[in-house]
Amino acid sequence: MAFTKMMILSFLLATLASFLSGCGSSTSESGTTARAALSAQYFTASDYTTLTGDCAITGIEDLGKKVPDSCCASPQTESPALTFANGGTDYTCAPQAIDAAETEWVRDFLGCVGGEVTFAEGCVPAALASKIFQPGGYPMNKSTADGEWEASADAVECNCGTPLGLGTKTTYTGTGCHVGIATFMLDNTTTDKTAFFAKVTGSC
């Protein structure tokens with residue numbers, strides 16, 4: 001089961017990598033603030049083995065590690081900021097298209113939890129947790145994704161990491177540059193060497 005989950009996540013990350021190359025405030029009863037002044041975006045390196053110094057990555061042990069801001073800058077490739085607003089409303093738990101045609105969607109979390117900026121990846125809707133990599137499951141189609149915008153209290157409520165077997169490893173606390181999930185971390189047979197750095201900014 002663990003291997004299957006790893007292969008599924010590898011597929012999702014490979015798709016996201018290919019796509020990536022190409023605001024008001026609301027507060028829930030738990031005190032979690034939506035992304036009004038918050039932002040998250042990816043910076044990618046095509047080959048993690050070329051990364052050196054503080055930006056060097058070797059494997060799953062680096063997932064979520066906070067690295068210098070210079071790792072979230074040139075020469076890494078900058079992608080547009082992720083979207084956490086829909087129809088004029090801000091959300092903390094939001095679908096993100098992973099292909100240019102917007103036929104497949106995943107979900108991320110961005111909000112203030114316990115007074116700290118928090119970003120999380122791999123937030124599979126609970127109803128789809130048993131349908132990962134299945135027709136009508138996760139990744140989601142657009143019609144399903146349209147119903148999965150939520151004002152979640154935290155990454156746990158947004159169901160981040162756990163359905164993919166990663167638990168809290170995909171939840172990053174604090175602003176700055178964090179090492180994101182990458183295929184090579186989970187599948188040592190992959191030829192995809194893309195590294196992801198998540199730049200998180202804002203204040204709570």
Side-chain angles (χ1 to χ4, degrees), residues 2 5-6 8-10 12-13 16 20 23-43 60-67 72 79 81-86 89-98 105-132 137-140 144-183 185-186 196-204:
K5 290 178 178 177
M6 287 167 59
I8 289 170
L9 188 54
S10 293
L12 300 182
L13 287 166
L16 180 60
L20 286 176
C23 279
S25 177
S26 59
T27 305
S28 69
E29 291 181 1
S30 65
T32 298
T33 305
R35 67 157 303 275
L38 309 183
S39 178
Q41 66 180 132
Y42 286 109
F43 287 76
I60 188 69
E61 63 272 16
D62 293 310
L63 178 59
K65 181 174 69 175
K66 190 171 183 179
V67 293
C72 285
S79 299
L82 299 177
T83 301
F84 286 84
N86 184 35
T89 300
D90 293 308
Y91 295 88
T92 52
C93 186
Q96 310 289 340
I98 61 173
W105 297 68
V106 291
R107 200 169 63 158
D108 294 321
F109 174 88
L110 179 64
C112 292
V113 180
E116 296 187 90
V117 178
T118 303
F119 175 63
E121 303 174 287
C123 309
V124 182
L128 302 180
S130 63
K131 300 178 182 179
I132 298 175
Y138 192 91
M140 305 171 280
T144 299
D146 283 344
E148 296 299 340
W149 295 80
E150 299 180 2
S152 300
D154 52 32
V156 174
E157 190 173 300
C158 189
N159 218 31
C160 304
T162 300
L164 295 173
L166 296 171
T168 59
K169 291 181 179 179
T170 66
T171 298
Y172 319 131
T173 301
T175 57
C177 188
H178 302 264
V179 177
I181 308 171
T183 302
M185 294 178 178
L186 306 169
F196 293 84
F197 294 97
K199 181 180 181 180
V200 182
T201 61
S203 60
C204 296

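These figures come from a predicted structure and were not determined experimentally.
Results of the side-chain contact (heavy atoms from CB on, under 4.5 Å) test with T171 over V113, V156, T118 single out T118 as the only residue that passes.
In this pair, Y172 and H178 present their aromatic rings parallel. The plane angle is below 30°, not in the 30 to 60° band.
Under the 4.5 Å side-chain criterion, counting only non-hydrogen atoms from C-beta, E150 is not in contact with C158. Counting heavy atoms from C-beta on, the side chains of V200 and L38 never come closer than 4.5 Å. Put simply, the side chain of T92 does not reach to within 4.5 Å of the side chain of F84, judged on heavy atoms. Residues D108 and L82 form a side-chain contact, since some pair of their non-hydrogen atoms from C-beta on lies under 4.5 Å apart. Using a 4.5 Å heavy-atom threshold, the side chains of R107 and W149 count as separate.
Heavy atoms only, all atoms of each residue included: E148 and P125 are closest at OE1-CB, 3.5 Å. Nearest heavy-atom pair, D90 versus A85, reported as atom, atom and distance to 0.1 Å: OD1-CB, 3.5 Å. The nearest pair of heavy atoms linking T144 to L128 is CG2-CD1, 4.0 Å.
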**OP:** Take V179 and M185 through the side chain to side chain contact (heavy atoms under 4.5 Å, CB included) test and state the conclusion after the steps.
**Re:** CA-CA 11 Å; V179 177; M185 294 178 178; 3.5 Å; yes
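Here the straight-line distance linking atom OG of S39 with atom CZ of F119 works out to 9.5 Å at 0.5 Å rounding. The structure places SG of C177 at 10.5 Å from NZ of K65, a figure rounded to the nearest 0.5 Å. For the atom pair CZ (F109) and SG (C123), the distance works out to 8.0 Å, reported to the nearest 0.5 Å.
Within a 6.0 Å radius of NZ in K131, other residues, nucleotides and ligands contribute 12 heavy atoms or fewer.
At distances below 3.5 Å, at least one donor-acceptor pair connects side-chain atoms of Q41 with backbone N or O atoms of S79. A donor-acceptor contact shorter than 3.5 Å is absent between the side chain of K169 and the backbone of E61.
Side-chain contact, E121 with Y42: a donor N or O sits under 3.5 Å from an acceptor N or O.
Between C204 and C112, the gamma sulfurs sit within a distance below 2.5 angstrom.
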